[in-house]
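Naming: A, B, ... by sequence-line order, numbering from 1 per chain.
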Amino acid sequence: MDILSLFVIVPIITVIALGFSKGLKQSRIVALAGMLVQLGMSINLIFAYLKERAVNDDIMVFVKDIMWFEQFNIHYSVGVDAISVVMIALTAVIVVAGIFISWMVDDLPKEFFISLIILSTGVFGFFISLDLFTMFVFYEIAVIPMYLLIGIWGSGPRENSAMKLTLMLMGASAVLSVGIFGIYFNSNIGTDGPLTFNILEIAQVNIPEAAQNLFFPMVFIGFATLGALFPFHTWSPSGHASAPTAVSMLHAGVLMKLGGYGVFRVAMYLLPIGAINWSDFFLVLASIGVVYGALGAIMQKDLKYINAYASVSHLGLVLFALLMFNKTAWNGAIIQSLSHGLLTAMFFALIGMVYGRTHTRDVAKLGGIMKVLPFIGAIYVITGLAYLGLPGFSGFVAEMNIFVGSFQHDDTFHRILTILAVSSIVVTAVYILRMVGKIMMGPLSNPEYANLPKATWYEKVGLVMLLIPVVIIGVMPFGLGEMLKESIEPFLERLL
Amino acid sequence: MNLESFLLMRYEIGLLAVILLLIVFEIFLNKKHKGSLIDIAIVLFTIHTIIGFLPLADGSIFGGMFKTNALLHFFKSTLNVGVLILLLQSADWLKEKVVQQNKSTEFFILLFSSLLGMYYMISSGDFLMFYIGLELATLPVAALVAYETFKQDSAEAGVKFILSSALASGTALLGVSFLYATTGTIYFDAMAEVLTMSNLSILGFIFFFSGLAFKISLVPFHFWTADVYEGAPISIASFLSVISKGAAVIILMIILFTVMKPLMPVWIKVIYMVSIATMFLGNIFALRQKNMKRFLAYSSIAQAGFILLGFLSNDQLGYTTIIYFVAIYIFSNLGAFGVVQAISLATGKENMDDYEGLYRTNPKLSLVMMLALFSLAGIPPLAGFFGKFFLYTAAASQGYYLLVFIAVVNATISLYYYLLVIRAMFLRKNENAIPFFKSQPYMRLGLLLASIGILVIGMYSPIYEYIYSISNSFLN
Amino acid sequence: MDFSYTILIPLIPLALFVILGIFSKKIPASISGWMGSIGLGVTFVLSYYAAYQYYLNGKVNGVYQPFIYKYNWMNFTDKLHIDMGVLIDPISVMMLVVVSTISFMVHLYSRGYMKGDDGYTRFFAYLALFSFSMFGLVLATNLFQIYIFWELVGASSFLLIGYYYTKPSAVSAAKKAFIVTRFADFGFLVGILIIGYYTGTWDFQELNNPEGSVITNWASTSFMGLSVLTWALILIFMGGAGKSAMLPFHIWLPDAMEGPTPVSALIHAATMVVAGVYLVARLFPMYYFIEDGFALQVVAYVGAISSLFAAIIALTQNDIKRVLAFSTMSQIGYMMLALGVSGYHGHDGLGFMASMFHLFTHAMFKGLLFLAAGSVIHAIHSNYLQDMGGLRKYMPITHITFLIAALSISGVPFFAGFFSKDEILTAAYENNILIYISSVFVAGLTAFYMFRLYFGIFWGKDKEYEHTPHESPMSMTIPMMFLAFMSIAGGYIHFSKYISPDHMPFEAHLNYYLAAIASTVGLIGIVLAFIFYKKENNLSERFSHAFGIFYKWTYNKFYFDEIYLFVTKKIIFGLVAKPSAWFDKNVVDASMIGIGNVTESFSYKIKGMQSGKFQDYAMGFISGGVVIAIVVFYLWIN
Amino acid sequence: MIEGISIYEILTLSSIVFFVGVYGFFTRENLITVLMSIELILNASALNFVIINTYLYPDFLQGAVFSIFIIAMAAAETALAIAIIINLYKLVASVEVKDTEKLKY
């Protein structure tokens, strides 16, 4: 068995094992065991990758290719570069943390963990796929469990939120599929070879400009909807608000990253001319998203809504950076994906903990929680500071890469948008501090809160697991940046 | 003519033997043991199905009126498996409701006759055989639709079905007569050689097409579908929606790609329009349905619209995807209908609202339903996804990106209403949920087979490759 | 010479922060206080040792040489990268001394001041974090490193202002401080980006080299009539102005006094707030040479105006910490204007030197003022002047040290402030007479409001105290005494020997003529304060009535807070954020939902098609066929 | 082949019969008369086959044979339809079209 396919097989085995387990205690242990194996493998993968990279100059390493549907030339084809490796690690961390956070899920625990792990299977599969078809399959596998996860274990208007989320994302994937067909049927232009879904092979041909112009927006919107591109972001706030904690974590932390990753891996790599021709248009949308999401977050009253709009803003920055077409910005985009994934997951976990204890997420009703829950409060403040881009945390590294990269364009259009995007750091500070200040600090808003139970061990483990990589990236960005840049290079070359 | 050439009709002869044996059993079986007829029928049909998988030569008999080839063998076997699953799913219903009325043998005879008609219809080599097969496939079903003689709905559905289908076959016949007028022959091969594009032939095609479109329930020839499904017994609705529709799709494919080949520029346009209309209307009507049978009726209308995408690709890719999708569709729809059947049988409830909270009481049934619906909606890794994806590919291969776009939008709409059922079963909690019940072994086996089909056909690519390898065979 | 040990100066507080932060629950208060103090004591010693070593032996051919130890932290592009490292040059060493002194003293002082507080360990953790950040800022080798630590000091300032986090006013002050400075940092960051793009480097050595390509090529790209580098410098100064509470970003500083008083002393008087000054000083060659010092003019005027503005406001405030805060702002304005009027070579660099000198002395006496004020507040549990009076009897050490500091800030001869302020006035006089006049006026105002405080607190009538005030414990008074010593002795250091823009020592002489004017003005201020406030009388009230509206404006700090509130609440929240939230809900989201609703209602609209009457179905069947036929023939014929 | 009458007249006739049948199908309110209309439609087709065979392709009897089968099928269809209608009559005591409108939408 090759090292990558295990990332799909282990979750599947876990799901099967979960099928046979009974009750909360068994199922959470099974889920945790499976995902800890996954986490161990993903850490191992980082080192294996570094070792392999030293001797292997291919764009992708650990490539494994099995013919699947011969007539369509569909392969089960996997391989990774640095970007997928770090994304996989991110996913594994968040999934494990998510399991810790849902340690006490009471309703249908087995089904909960099954859905969660199926979702993560989709995500893992997506990150290792080199074949557009396989990638698309995993993409949809990742989206669908969301419906059940939000619908069954969610809160508030969960049914409508789940429906909106699923339909918008599947609608986006529908648009994406048209784009994929467009790529597929142009994949042998100039060569006499068969049509192919393989990303690396398609990258060898130059799809005609007219086709690129037609299909780029489809592929881009298809992926970017998942990355909360304005104005296709509205599934995200309500979806997040209704989702149970671990799902919000996984969703904002990982699933939304599929968007940026797909844009990078598919849209821009395979349709470079289209990307360049459309970049201005989408850049405007992404910049609007950055500022607009931040402004939207200021006005929200529900903690999860705040965070959801913050995600719109931060992921807008990812798309924004990707559209800048240079190494620094792309490096920033990827680090931002990682950083945002971890931080949002932390935020959602914290919100979940607060909500689980106080049964409200209304900013106006909360206050002074830090006094009662010092650990949660402290982590909340740290997360907030990290989120607004404080040096020493991953967010800073990401944002600075993005800003410096974006600043390499010296025309007025890019300058204005860049400065607009930079201004979001101020607005981010406003809403983050408003939230932190209101709910964690200040006098205790409700005397009943004085006896809230303290953070439990599994909550602490979950949070600390997420915090560690945030700090590591923030303090020691050098290795990560170099590792990523090497992998970015071949993708960037297509655009230049 | 010799025995060997008769053996080309092995399926037909086998099925006929089953029918005759059943009549014999009916005559000689003690009245008290009439219930065991069901088991006998199932066993006999299983044997027939298994024999069907044995290899068989290609060929044609009766001067080309009856043709057979690898594709048809495959498809007949697929229909057999479908009918077998259907029988398994309806065995309990027969035992509980029909045996008392002493009508179970008729049920099998009518059902198998209809299947026999389909065999002949898809194997036909001229319009006469086609017509006879079509009528043989349709008329017993009409009787079956009205089978629950004590129910007004059933009778009403029967009336609607028989009258509408008579109109449809009348129209189709008029079309055939026009085609006959332009070419002077009713043989497929001969007609294909001399058919040219002319006003009369086009008119003939359109009339003929409307007759078949009625069977596939394509918009605007679909109106009967929902009413008949709702009124008919669930097994029959299921039969209409999977077996009957599947057979009609195949013969439509054969006729369009062989006989009507000269008219291709015309029928491509017709298929294009009808496909869009069918997808949209089917979906939009399905949105607000509360009755599960009606719901599945509209959903199957919409699915038919997707199938048409495969017709746009005039090559092996197109044929393969059509057959592949039909096979997948049969399993998926049987899964859905099977669950509806099981619940209806246990509780008499057929409305979506009654399904609320079903997962908490009957998790396995709900899971089968979910698999079936997600397969219909085209969610990976279930078979329906592969079927739909390849249909899109077929259409896109000819550059019909706009149509593919419309189709994927429709797939999203369809996801909405499939999710409504999922919502009722999984998301809702209900005090008065359908209590836990245990289905009979036949039903469980039927659902299991359908689920396996849903899970395996898509991911296991050799099935697709096999279909691909035989899909060309009907052309010669 | 090897200065690599200076890397320990930031690292010791960092280690302290990590240990105290993680184990804040486990470590008893008594130990954490000592840990912090000893740790900072070590940095204090190291800093003084570094200063000793550097100022005595750091010269080669009469020029102070920079010593740089750095490693590559993050690469952006081929050229642009961030280094983390240590830059030892005259001003950074001077800042090390300032920061470590004040920080050490504040640590010592806090052991007494914070005694019995719940978050004692947390407090020392924050202090350690701040010290780390500030040292990092001071020692930065490049612009981006400064920015990184700049943000970190902002964050630690946020944490420390909001230390009493259950108090809403503290929380909102903390938020305000962070957001206002963050807004200013936005400018700073854009400035950094501009510099990075147009010069390809952030390294101070390359940027500041007067013969280097950066400075000589300043005119190569221009934007709206000015060199882009000038814009960058102005934007960078915006960041500096934010941190240093210059107009119009000063509004956070008075509110920041919500933090514990030692914090005010450390951060909001002595060290962090002068970061802006340090930043301009750091980039001084750029400011001076690019576009003939246009950006430096901006610095000068902003400094002068802020200085005057703050001094006027300070006259009327009743919260003693706020008076000190405005005083700080005013003094930093001094430092800024001194930089602004400075030249580069030789004696022209007097302003630069004076600014650094004043930074040094100001840190000592302002730190002391805050510590003394803290001592007073500690004793009577109030910040307000009305609640104080006659305390000299109860708190002799506080009284004396406060007096020394007040004399020093007022520019009374032989105290440290006299020397540094005099150099500033001299530099201003030589360059810009308008700024000079304003500065002299400010000197008078300073003396007046400082002695208003002094007399208000220590003289006048005894107030009714709940319990008799008593002198603070030794842990608090010893640091005060040390700073009092420095507030006198600091003036006698020959700064021009050590610090100059071009790193070449020069001789600066006291201009007795100007010194006499300044001293006289200061004394007039003191005398006026004596008349007004020595004894209880109604003079001050009569005067405030006489000034009427102007008094009211001053008392309300010229309504700056209200203007900001209006802009943020009404314009940004009300006219931008709220509408965009509304737009999102009612247009973007509604249109997505609308698509679904329209489809569904369409479904209900057309349900009549399925009328239930099979004859209608037949009609549909036939007419459908006819329509297809019509369309096909239409299409086919075309 | 009838002297003096061309294929057009007969085809016109069959078309008229077809559309009379269709019209009848649309408008009759009694199920039995609807069934009769269907007979007209089927007869029109049968007529077409015979006429086309006779006038255009007299060499083979394909059309004529076809028409015989049509007649047979029509009979079967009618028998079945009547049976179902009778069953309906047993249930609702009516053979009116309006009594078959329960299932809709």
For B/Leu317, is it the side chain, the backbone, both, or neither that has a heavy atom closer than 4.5 Å to a heavy atom of chain A? side chain

Measure A/Phe69 against the heavy atoms of chain B and call it side chain, backbone, both or neither at under 4.5 Å. both

Identify which part of B/Ala411 has an atom lying under 4.5 Å from any heavy atom of chain A, answering side chain, backbone, both or neither. neither

Do any N or O atoms from the side chain of B/Ser461 and from the backbone of A/Trp68 form a donor-acceptor pair under 3.5 angstrom? yes

How far apart are the C-alpha atoms of B/Ile413 and A/Leu167, what are their side-chain angles, what is the distance that settles it, and do they pass the side-chain contact (heavy atoms from CB on, under 4.5 Å) test? CA-CA 8 Å; B/Ile413 300 177; A/Leu167 287 184; over 6 Å; no

Got A/Gln71 and B/Thr321 here, is their nearest side-chain heavy-atom distance under 4.5 Å? no

Specify which of A/Ile150, A/Ile152, A/Val143 makes the most heavy-atom pairs with chain B at under 4.5 Å. A/Ile152

Residue part contacting chain B, namely of A/Ile144, when any heavy atom lies under 4.5 Å: side chain

Residue, of B/Tyr460, B/Tyr416, B/Phe389, B/Tyr359, that accumulates the most heavy atom pairs under 4.5 Å with chain A: B/Phe389

With a 4.5 Å cut-off on heavy-atom pairs, point out which of B/Leu419, B/Leu415, B/Val404 contacts chain A the most. B/Leu419

Heavy-atom pairs under 4.5 Å with chain A: which of B/Phe385, B/Phe386, B/Tyr392, B/Tyr401 has the most? B/Tyr401

Who among A/Met168, A/Met218, A/Glu140 has the most heavy-atom pairs with chain B under 4.5 Å? A/Glu140

Does the pair B/Thr393 and A/Phe185 meet the rule for a side-chain contact (heavy atoms from CB on, under 4.5 Å), with working shown? CA-CA 9 Å; B/Thr393 315; A/Phe185 286 108; 3.5 Å; yes

Considering only heavy atoms, which portion of A/Leu195 lies under 4.5 Å from any heavy atom of chain B: side chain, backbone, both, or neither? neither

Greatest number of heavy atom pairs closer than 4.5 Å to chain B - which of A/Arg158, A/Met67, A/Met163, A/Glu159: A/Glu159

Checking heavy atoms, do the side chain of A/Phe138, its backbone, both or neither come under 4.5 Å from chain B? neither

Side chain, backbone, both or neither: which part of A/Ile74 has a heavy atom under 4.5 Å from chain B? side chain

So what's closer than 4.5 Å to chain A heavy atoms on B/Phe374: side chain, backbone, both or neither? side chain

Quiz question: by atom type and distance under 3.5 Å, do the side chains of A/Glu70 and B/Tyr468 form a donor-acceptor pair? no

Euclidean distance, B/Arg423 CZ relative to A/Leu148 CG, rounded to 0.5 Å: 13.0 Å

Which bit of B/Ser469 is near chain A, if near means a heavy-atom gap under 4.5 Å: side chain, backbone, both or neither? neither

Portion of A/Met170 that has a non-hydrogen atom of chain B nearer than 4.5 angstrom: both

Using heavy-atom distances under 4.5 Å, tell me whether A/Tyr139 contacts chain B through its side chain, its backbone, both, or neither. neither

Aromatic ring centroids of B/Phe390 and A/Phe72 under 6.0 Å? yes

With a 6.0 Å cut-off on ring centres, are B/Phe426 and A/Tyr147 close enough? no

Contact leader toward chain A among B/Ala396, B/Pro381, B/Ala407, where contacts are heavy-atom pairs under 4.5 Å: B/Ala396

Is there side-chain contact between B/Phe405 and A/Val175, with heavy atoms separated by less than 4.5 Å? yes

Please step through side-chain contact (heavy atoms from CB on, under 4.5 Å) for the pair B/Arg360 and A/Asp107, ending with a clear verdict. CA-CA 10 Å; B/Arg360 284 158 202 274; A/Asp107 190 25; 2.9 Å; yes

